[in-house]
Undergrad: 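Below you will find the structure I want to go over with you.
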Amino acid sequence: AFVSELSSSLARAHEEAVSGDKNSDANSLASKLRKFAASFAFNLAPVSVNNSDVKVRQATLLWEAFVHDATRKLAINLSSSPQSMHGRSSTAYLAALAAEGGLPTLRKVLDVSLPRLLDLLSKHNDSSSADDEKMAAAIRGVAAFMSSCYVALNMWERDNRGVQ
């Protein structure tokens, strides 16, 4: 319960920092919150699916509580209103989590988030200009997640001395 609450609190604090004053302190706070959340997820990320070690299983459960709960809650904003402050904040938080939270985190975030954005784009009616801002935000979200893939894979390559 503590890890799930921590995850929710970090996401809320990030949203407050992003939606608050547009000064450098708020931007710095939002950036540091994203970094902390990603680092926390990275350190809890499962190391092996078939490992029977109790500590590894417990860390996996903590990772699921931290990553899965936040991803599920924030992804709702991506499908309903990616152009809103909530949607943009959720996209930034989830993209940072995916980029630096380790490969299991990347996969979890992409599995939950990308289908929502792609669904929005697939339902777009070309004759309507009312949803242009929403579609542009969805496209920026997809681009942010693709960038997260690039960063995550570069980190994995650096940590594992490339593909062997």
Side-chain angles (χ1 to χ4, degrees), residues 6-46 63-64 66-160 162-163:
L6 175 64
S7 178
S8 295
S9 296
L10 287 171
R12 279 193 307 272
H14 175 262
E15 187 172 330
E16 287 295 319
V18 168
S19 64
D21 243 346
K22 297 294 180 203
N23 63 34
S24 62
D25 289 340
N27 288 335
S28 176
L29 175 61
S31 177
K32 287 177 181 174
L33 285 167
R34 288 189 301 264
K35 274 280 200 208
F36 177 79
S39 177
F40 196 81
F42 181 82
N43 286 301
L44 289 176
W63 173 82
E64 286 177 5
F66 187 80
V67 174
H68 182 70
D69 291 352
T71 302
R72 187 176 38 80
K73 289 175 188 171
L74 294 174
I76 293 168
N77 297 326
L78 302 182
S79 55
S80 61
S81 56
Q83 78 282 9
S84 70
M85 183 56 73
H86 294 299
R88 292 193 313 257
S89 172
S90 296
T91 300
Y93 188 85
L94 290 171
L97 199 60
E100 297 184 20
L103 294 183
T105 304
L106 172 69
R107 180 174 178 180
K108 175 61 77 179
V109 171
L110 293 180
D111 282 349
V112 173
S113 303
L114 268 182
R116 293 172 183 266
L117 294 171
L118 295 174
D119 189 49
L120 271 178
L121 293 171
S122 70
K123 292 179 179 175
H124 180 59
N125 183 353
D126 290 335
S127 63
S128 170
S129 63
D131 287 337
D132 285 349
E133 187 180 353
K134 191 176 204 174
M135 293 304 110
I139 291 169
R140 283 192 302 272
V142 170
F145 290 122
M146 293 302 102
S147 177
S148 295
C149 290
Y150 179 78
V151 170
L153 293 175
N154 278 340
M155 287 177 64
W156 182 86
E157 184 179 42
R158 178 198 68 212
D159 294 345
N160 293 285
V163 177

Undergrad: Measure from the side-chain N and O atoms of K134 to the backbone N and O of S80, and report whether any donor-acceptor pair falls under 3.5 Å.
TA: yes
Undergrad: Under 3.5 Å, which donor-acceptor pairs do the side chains of residues 144-153 form with other protein atoms, sequence neighbours left out?
TA:
unit_1, atom_1, unit_2, atom_2, d
S148, OG, A95, O, 2.7
S148, OG, A144, O, 3.0
Y150, OH, N154, ND2, 3.4

Undergrad: Tell me the closest heavy-atom pair linking S79 and R116, and the distance in Å.
TA: OG-NH1, 3.2 Å
Undergrad: How far apart are the C-alpha atoms of L74 and L97, what are their side-chain angles, what is the distance that settles it, and do they pass the side chain to side chain contact (heavy atoms under 4.5 Å, CB included) test?
TA: CA-CA 12 Å; L74 294 174; L97 199 60; over 6 Å; no
Undergrad: Please list, chain by chain and in numerical order, all residues satisfying side chain to side chain contact (heavy atoms under 4.5 Å, CB included) with D119, sequence neighbours excluded.
TA: S122, K123
Undergrad: Could you give me the CA-CA distance, side-chain angles and deciding distance for L117 and T91, then say whether side chain to side chain contact (heavy atoms under 4.5 Å, CB included) is met?
TA: CA-CA 10 Å; L117 294 171; T91 300; 5.6 Å; no
Undergrad: Quick one: closest heavy-atom pair of H14 and A92, and the distance?
TA: CE1-CB, 4.2 Å
Undergrad: Residues two or more places apart in sequence or in another chain: which of them pass side chain to side chain contact (heavy atoms under 4.5 Å, CB included) with R140?
TA: A136, A137
Undergrad: State, to 0.1 Å, how close K108 and T71 come at their nearest heavy-atom pair, and which atoms those are.
TA: O-CG2, 4.2 Å
Undergrad: Starting from the C-alpha separation in whole Å, work towards a yes-or-no answer on side chain to side chain contact (heavy atoms under 4.5 Å, CB included) for L6 and F40.
TA: CA-CA 10 Å; L6 175 64; F40 196 81; 3.8 Å; yes
Undergrad: Check side chain to side chain contact (heavy atoms under 4.5 Å, CB included) between R72 and all other residues, then give those that pass, not counting sequence neighbours.
TA: H68, D69
Undergrad: So, using side chain to side chain contact (heavy atoms under 4.5 Å, CB included) as the criterion, who are the partners of F42 when residues are at least two apart?
TA: D159
Undergrad: Is the shortest side-chain heavy-atom distance between L94 and V112 below 4.5 Å?
TA: no
Undergrad: Distance from N43 atom CG to F66 atom CZ, nearest 0.5 Å?
TA: 10.5 Å
Undergrad: Determine which pairs satisfy side chain to side chain donor-acceptor pair (under 3.5 Å) with at least one residue from residues 96-106, sequence neighbours left out, and list them in order.
TA: K35-E100, W63-T105
Undergrad: Within a strict 4.5 Å, meaning less than it, do heavy atoms of the N77 and S84 side chains meet?
TA: no
Undergrad: When you measure from the side chain of S113 to the backbone of L110, do you find a donor-acceptor pair of N or O atoms at a distance under 3.5 Å?
TA: no
Undergrad: Does the S19 side chain pair with the main chain of E15, one donor and one acceptor, at a distance under 3.5 Å?
TA: yes
